[in-house]
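One-based numbering, in listed order, for ligands and for the atoms of each. Nothing here was measured: the structure is a model prediction, and the numbers come from that model. These numbers come from the heavy atoms of this one structure, side chains and all, not from hydrogens, waters or symmetry mates.
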Amino acid sequence: MNNFKYLKISNSEEALHNISNLQNSKFLAGGTNLIDLWKYDLLNPDTLIDINELQDLTTENETADGSFFLGALLTNAETAHHPVVEEKYPLLSRSILAGASAQIRNSATNGGNLLQKTRCYYFYDAALPCNKRNPGSGCPAIEGSNRMHAILGTSEKCIAVFPSDMCVGLAALEAVIQVKGLNGERLIKFEDFHTLPGETPEIDNTLAEDELITGIILPKEGFAENFSYLKLRDRSSYAFALISVATGLKLENGLIKKARIALGGIAHKPWRVKEAEDFLIDKKPDEENFRTAAEMIIKGAKGFGDNDFKIELSKKAIVRNCLMALDPTESQRPGAKPAL
Ligand SMILES: Cc1cc2nc3c(=O)[nH]c(=O)nc-3n(C[C@H](O)[C@H](O)[C@H](O)COP(=O)(O)OP(=O)(O)OC[C@H]3O[C@@H](n4cnc5c(N)ncnc54)[C@H](O)[C@@H]3O)c2cc1C
Ligand code: SF4
């Protein structure tokens with residue numbers, strides 16, 4: 001490990017001045033991803049700016065328009081178990097609790113979760129080429145071992161997936177990310193936050209290097225009546241998603257009035273197809289309609305060998321999760337019979 005400077009910062013202005021002025025500096029939140037990357041020799045910051053004492057990033061409050069603000073430094077556990085989140089945004093609670101382990105969720109923060117790096121095995125091996133880590137060096141996953149990789153939104157440069165569970169829930173809820181730079185604050189729509197690899201797989205999101213995530217805003221509609229999060233993985237706990245689905249439905253008089261379906265584990269960002277959600281409006285919430293929506297969402301998917309199975313499995317997961325959302329209490333009870 002290289003020598004490095006450690007700064008403990010107590011206000012966001014100071015944090016922003018330091019990140020702008022000190023070359024090769026990094027914010028430290030829970031450290032659950034950053035320290036791993038450091039140990040794997042994938043980054044070597046000269047200065048670590050510890051932001052854990054920024055009080056304004058640990059607040060949460062309901063706003064006049066009915067939305068809910070969650071500070072970037074609240075831990076994933078604090079967020080999942082917050083009474084307002086449990087009551088109004090249970091889809092977010094479920095997606096967070098499907099991820100990592102209790103210990104990691106106690107340290108991992110909301111801001112860090114948004115910025116976690118892919119779990120592509122080649123990315124984590126500094127001895128191998130990887131366009132995301134070392135642009136222009138190649139992508140061994142395309143011809144190699146790619147069971148966990150993307151089937152949608154890929155490029156010739158990179159087929160990695162974004163591994164977060166929490167962000168799949170946030171995508172379905174159409175959260176907004178609040179960020180701050182030296183020139184002030186701005187809001188980023190969730191769908192505009194993470195990016196596809198295209199020609200620049202080294203870029204994961206639209207946050208500038210000298211900006212701080214200050215919080216997440218959850219809009220009023222929380223889909224608390226009809227929601228479900230389904231995570232398919234190789235082990236039943238402590239494993240990243242092969243495929244995950246977050247569904248929120250609004251039903252009236254037996255018809256769907258609003259639908260949100262977001263997928264994780266299949267692309268470089270949480271995946272939504274608005275045409276499929278629009279197709280469901282004023283339709284009956286039945287298997288046939290959910291199957292049509294699933295075909296629309298997975299349209300154009302391409303496998304790379306080991307991950308071909310994800311194409312059919314994603315469609316089944318969407319249908320199953322939408323049916324589970326019709327009765328969240330029963331379908332998510334431990335030991336409940338699957339909807340399909
Ligand atoms: C063994 C293991 C299993 C896991 N399993 C899952 C899983 O199943 N599902 C899942 O979703 N996640 C999983 N995770 C990932 C975990 O959720 C992330 O590591 C965590 O959310 C990162 O948050 P952190 O606060 O520790 O971030 P850190 O590691 O402190 O930071 C991560 C990055 O974000 C930057 N950063 C942090 N906060 C801010 C901010 N406010 N503004 C600007 N930049 C910031 C840091 O500089 C760094 O670049 C797992 C992690 C581990 C180690
Ligand atoms: S898929 Fe992306 S992260 Fe993985 S080896 Fe290829 S370029 Fe690197």
For [atom], the option (of [options]) bearing the nearest heavy atom:
{"atom": "atom 5 (S) of ligand 2", "options": "Tyr122, Phe304, Tyr124", "value": "Tyr122"}
{"atom": "atom 14 (N) of ligand 1", "options": "Phe162, Phe240, Phe27", "value": "Phe240"}
{"atom": "atom 36 (N) of ligand 1", "options": "Leu115, Val168, Asn113, Ile96", "value": "Leu115"}
{"atom": "atom 24 (P) of ligand 1", "options": "Gly30, Gly264, Gly111", "value": "Gly30"}
{"atom": "atom 15 (C) of ligand 1", "options": "Arg233, Lys180, Gln103, Gln116", "value": "Gln116"}

Protein residue, atom and distance nearest to [atom], heavy-atom basis:
{"atom": "atom 4 (Fe) of ligand 2", "result": "Cys120 SG, 2.3 Å"}
{"atom": "atom 8 (Fe) of ligand 2", "result": "Cys130 SG, 2.3 Å"}
{"atom": "atom 6 (Fe) of ligand 2", "result": "Cys139 SG, 2.3 Å"}
{"atom": "atom 2 (Fe) of ligand 2", "result": "Cys158 SG, 2.4 Å"}
{"atom": "atom 51 (C) of ligand 1", "result": "Arg119 NH2, 3.8 Å"}

Distance under 4.0 Å to a non-hydrogen atom of [X]: what atoms of ligand 2 satisfy this?
{"X": "Ala141", "answer": "1 (S)"}
{"X": "Ala160", "answer": "1 (S), 2 (Fe), 3 (S)"}
{"X": "Pro140", "answer": "5 (S)"}
{"X": "Ile159", "answer": "1 (S)"}

(message) Below 4.0 Å from ligand 1: does a non-hydrogen atom of Ser101 turn up there or not?
(response) no

(message) Any atom of ligand 1 sitting under 4.0 Å from a heavy atom of Arg105?
(response) no

(request) Would you check if the distance from the ring center of His82 to the ring center of Tyr89 is below 6.0 Å? (result) no

What do you reckon, does [X] have a nitrogen or oxygen under 3.5 Å from a nitrogen or oxygen of ligand 1?
{"X": "Ile104", "result": "no"}
{"X": "Gly31", "result": "yes"}
{"X": "Ala98", "result": "no"}
{"X": "Ile213", "result": "yes"}
{"X": "Asp36", "result": "no"}

(request) Tell me which part of Leu73 gets within contact of ligand 1: side chain, backbone, both or neither, using heavy atoms under 4.0 Å. (result) neither

(request) Could you list which atoms of ligand 1 come closer than 4.0 Å to a heavy atom of Tyr238? (result) 1 (C)

(message) Within the 4.5 Å heavy-atom criterion, are Leu114 and Ser164 side-chain neighbours or not?
(response) no

(request) Tell me, with the steps shown, if Thr154 and Ile142 meet side-chain contact (heavy atoms from CB on, under 4.5 Å). (result) CA-CA 10 Å; Thr154 56; Ile142 291 174; over 6 Å; no

Would you please say whether a donor-acceptor pair under 3.5 Å links the side chains of [X] and [Y]?
{"X": "Tyr40", "Y": "Asp125", "result": "no"}
{"X": "Glu86", "Y": "Ser93", "result": "no"}
{"X": "His268", "Y": "Lys132", "result": "yes"}

(request) List the atom of Asn226, the atom of Asp327, and the distance in Å for their closest heavy-atom pair. (result) ND2-N, 4.5 Å

(request) Write down the atom of His194, the atom of Cys167, and the distance for their closest heavy-atom approach. (result) CE1-SG, 4.0 Å

(message) Just to be sure I read this right, does ligand 2 sit under 4.0 Å from the backbone of Lys157, its side chain, both, or neither, counting only heavy atoms?
(response) backbone

(request) Check the surroundings of atom NZ in Lys283: do more than 12 heavy atoms from other residues, nucleotides or ligands lie under 6.0 Å from it? (result) yes

